[in-house]
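Here's the structure we're looking at; comments come further down.
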2 protein chains.
Amino acid sequence: MTTDLTGLAEETASRLRNDITGGALPPGQRLSETRLAAELGVSRNTLREVFRLLTREGLLRHEPNRGVFVAVPSMASIVDIYRVRRLIEVPALAHAWPRHEAVAQMRLAVEKARAAREIQDWRMVGSANMEFHAAIVALTDSARLQGFFAQIIAELRLAFGLLDSPERLHEPYIDRNARILDLLVEGRQDQAAAMLAGYLDESERVVLAAFARLG
Amino acid sequence: MTTDLTGLAEETASRLRNDITGGALPPGQRLSETRLAAELGVSRNTLREVFRLLTREGLLRHEPNRGVFVAVPSMASIVDIYRVRRLIEVPALAHAWPRHEAVAQMRLAVEKARAAREIQDWRMVGSANMEFHAAIVALTDSARLQGFFAQIIAELRLAFGLLDSPERLHEPYIDRNARILDLLVEGRQDQAAAMLAGYLDESERVVLAAFARLG
DNA sequence: TCTACCGTGATTGTTGAACAAAAGAACCGG
DNA sequence: CCGGTTCTTTTGTTCAACAATCACGGTAGA
């Protein structure tokens, strides 16, 4: 799971990514090149490379001659993200090999989520849930799909950061993830996939509803 | 289809992309920063931004402290790409709305391919075929999926560039694309999807076989 | 002759400064 | 109150410099 932190640019990108998905930099926030470069202790050129990376990932928005801003998630983007998730995750689970090595990652994510629930760390519960879904995609053995999905997840976390009540957002899915995992190892992939599909539908509804309440 | 050519970096990226997929820069070729910067008439910094972009797209490979190279397609990457294509394109077609606006793009691509066949321009036939598949993905109305697919396609074109006999590679699919389009507009999406699935299987076999002959 | 070591040259990684161009803000006249 | 003009800030792009790293070749020793 360790990304190549080779190079200052990627390292800085990783730091900034956390600041964004962690909510330290609110959506819509403008990022001044000179100020942020000084703040992060890197040169302007390096920071611009970082901006390119994160813009490509959908976390930043770039307006020519005006600057870069933290991306503002829209309802349209959430709908799109869930559409992609359904399209990728459900078949991934349906065609999975129950003894694939990624199953271990899924189990790990479930345990991590439960541990986080114990200490009421809902943000960590959210992370663990995301790792569970990333593990589902890993069942496909497709490096490209996994890379793409990682981006999607980062964008979704950005949207989650806007919403409050993280408990309602993540808690209900911990045990369902566990159930999905059980079904998979029992060889009942289609039931697992069906359950996941319902999961995604409901999650999308909840997120959209919470989003609508913000105006 | 017009990319924002805002900014010198993206413009240069576009130029370099064509050089790569067009075969002017062979896979494995090392790209010296200073030399290429002078050749393209941009500064080293700008070129490095371009490198980031194309590396992200999978067209270049970056080795720390050694430089960037034109990516060398492997059999593993081809298998992966076709896996992704099946996963995305087949459901996209199966659930498509026969009167979607992207259908017009599909028709356009078919006509372009036939026109190119007339003048024996197999490279253009290849482009048109790719546009046909991009149009299939456009049926999903998902901006993220379309962006992802565009990358996949660029990588695949890179692999095609390695192979000779472009006629055998592209010609057989022109009429099949037309047939798929017909089935879709007649509302027989599942038959269209099934045909596409067979199409992809066969295309993968052909490409892998041609690839294996290269050693 | 072969191999291990070391130095040299070239390339990348990163920085800082500079300047043109564009956008936004302040100002001024009507 | 409004429209236009100047001023200031920020971005887009380039250039020059230097440290770190790598590739190559030569040398010493077995």
Side-chain angles (χ1 to χ4, degrees), chain A residues 2-20 24-72 147 158, chain B residues 2-20 24-72 147 158:
Chain A
T2 105
T3 54
D4 305 272
L5 282 207
T6 179
L8 180 58
E10 307 216 18
E11 188 180 338
T12 308
S14 173
R15 201 137 49 101
L16 200 56
R17 208 182 335 245
N18 288 342
D19 287 350
I20 293 171
L25 297 173
Q29 173 77 260
R30 175 180 187 166
L31 303 181
S32 157
E33 292 187 354
T34 51
R35 178 150 30 117
L36 192 58
E39 204 171 310
L40 293 172
V42 301
S43 88
R44 234 184 100 207
N45 277 323
T46 304
L47 184 61
R48 284 171 64 85
E49 282 199 6
V50 172
F51 281 169
R52 288 284 169 158
L53 284 178
L54 299 185
T55 298
R56 200 64 160 153
E57 292 177 20
L59 291 180
L60 298 180
R61 198 163 37 88
H62 177 100
E63 299 190 14
N65 291 316
R66 299 212 0 158
V68 305
F69 303 78
V70 179
V72 181
L158 181 59
Chain B
T2 107
T3 55
D4 321 80
L5 281 208
T6 178
L8 180 58
E10 307 217 17
E11 188 180 341
T12 308
S14 173
R15 201 136 50 101
L16 199 57
R17 208 183 335 243
N18 287 342
D19 287 351
I20 294 171
L25 298 172
Q29 172 77 262
R30 176 183 187 164
L31 303 182
S32 158
E33 293 188 354
T34 51
R35 179 152 29 121
L36 192 57
E39 204 170 311
L40 293 171
V42 300
S43 86
R44 236 183 99 206
N45 278 324
T46 304
L47 183 62
R48 284 170 64 85
E49 282 197 7
V50 172
F51 281 170
R52 289 282 173 168
L53 285 178
L54 299 186
T55 298
R56 200 63 154 140
E57 293 176 21
L59 291 181
L60 297 179
R61 196 165 36 89
H62 176 99
E63 299 190 14
N65 291 317
R66 300 216 1 175
V68 304
F69 303 78
V70 178
V72 182
L158 182 59

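All chains are named by letter (A, B, ...) in the order of the sequence lines, taking the proteins before the strands, and each is independently numbered beginning at 1. Computed from heavy atoms alone, side chains included, the values below leave out hydrogens, waters and symmetry copies.
Here the C1' atom of nucleotide C:dA10 and the CG atom of B:Leu31 are 17 Å apart, to the nearest Å. Atom P of nucleotide D:dA16 and atom CZ of B:Arg44 are separated by 12 Å, given to the nearest angstrom. Rounded to whole angstrom, the span from the CD atom of A:Glu49 across to the C1' atom of C:dG16 amounts to 16 Å. Remark: P of C:dA10 and CZ of B:Arg35 are 13 Å apart, rounded to the nearest angstrom. Taking atom CG of B:Leu8 as the reference point, atom P of C:dA21 lies 14 Å away to the nearest angstrom. Residue A:Glu33 contributes atom CD, which lies 15 Å from atom P of C:dA23 at whole-angstrom precision. In this structure, A:Arg48 places its CZ atom 15 Å from C1' of C:dT15, rounding to the nearest Å. With rounding to whole Å, A:Asn45 atom CG is found 9 Å from C:dT15 atom P.
Taking both residues in full, the closest heavy atoms of A:Ala71 and A:Pro27 are given as O-CB, 3.4 Å, listed atom of the first, atom of the second, then distance. Residues A:Ala13 and A:Leu53 come closest through the heavy atom pair CB-CD1, 4.1 Å.
Of the inter-residue distances, the one linking A:Arg48 atom CZ with B:Thr46 atom OG1 reads 8.0 Å to the nearest 0.5 angstrom.
Proximity of B:Thr46 to the phosphate of D:dT14: a side-chain N or O atom is located under 4.0 Å from OP1 or OP2. When the side-chain nitrogen and oxygen atoms of B:His62 are compared with OP1 and OP2 of C:dG13, one or more of them lie within a distance under 4.0 Å.
Considering only the side chain of B:Ser43, D:dT14 comes nearest among D:dG12, D:dT14, C:dT14. Comparing D:dC22, C:dG24, C:dT15 by their nearest atom to the side chain of B:Arg66 picks out D:dC22.
Nearest-nucleotide mapping onto DNA chain C: of B:Ser32 and A:Leu47, the residue sitting toward the 5' end is B:Ser32.
Backbone-only engagement by B:Arg30 is indicated by non-hydrogen atom pairs under 4.0 Å involving sugar-phosphate atoms exclusively. Heavy atoms of B:Asn65 sit under 4.0 angstrom from primed sugar atoms or phosphate atoms, though from no base atom.
Between the side chain of A:Arg30 and the backbone N or O of A:Arg66, at least one donor-acceptor pair lies under 3.5 Å.
Using a 4.0 Å cut-off between charged nitrogen and carboxylate oxygen, B:Arg52 and A:Glu10 count as a salt-bridge pair.
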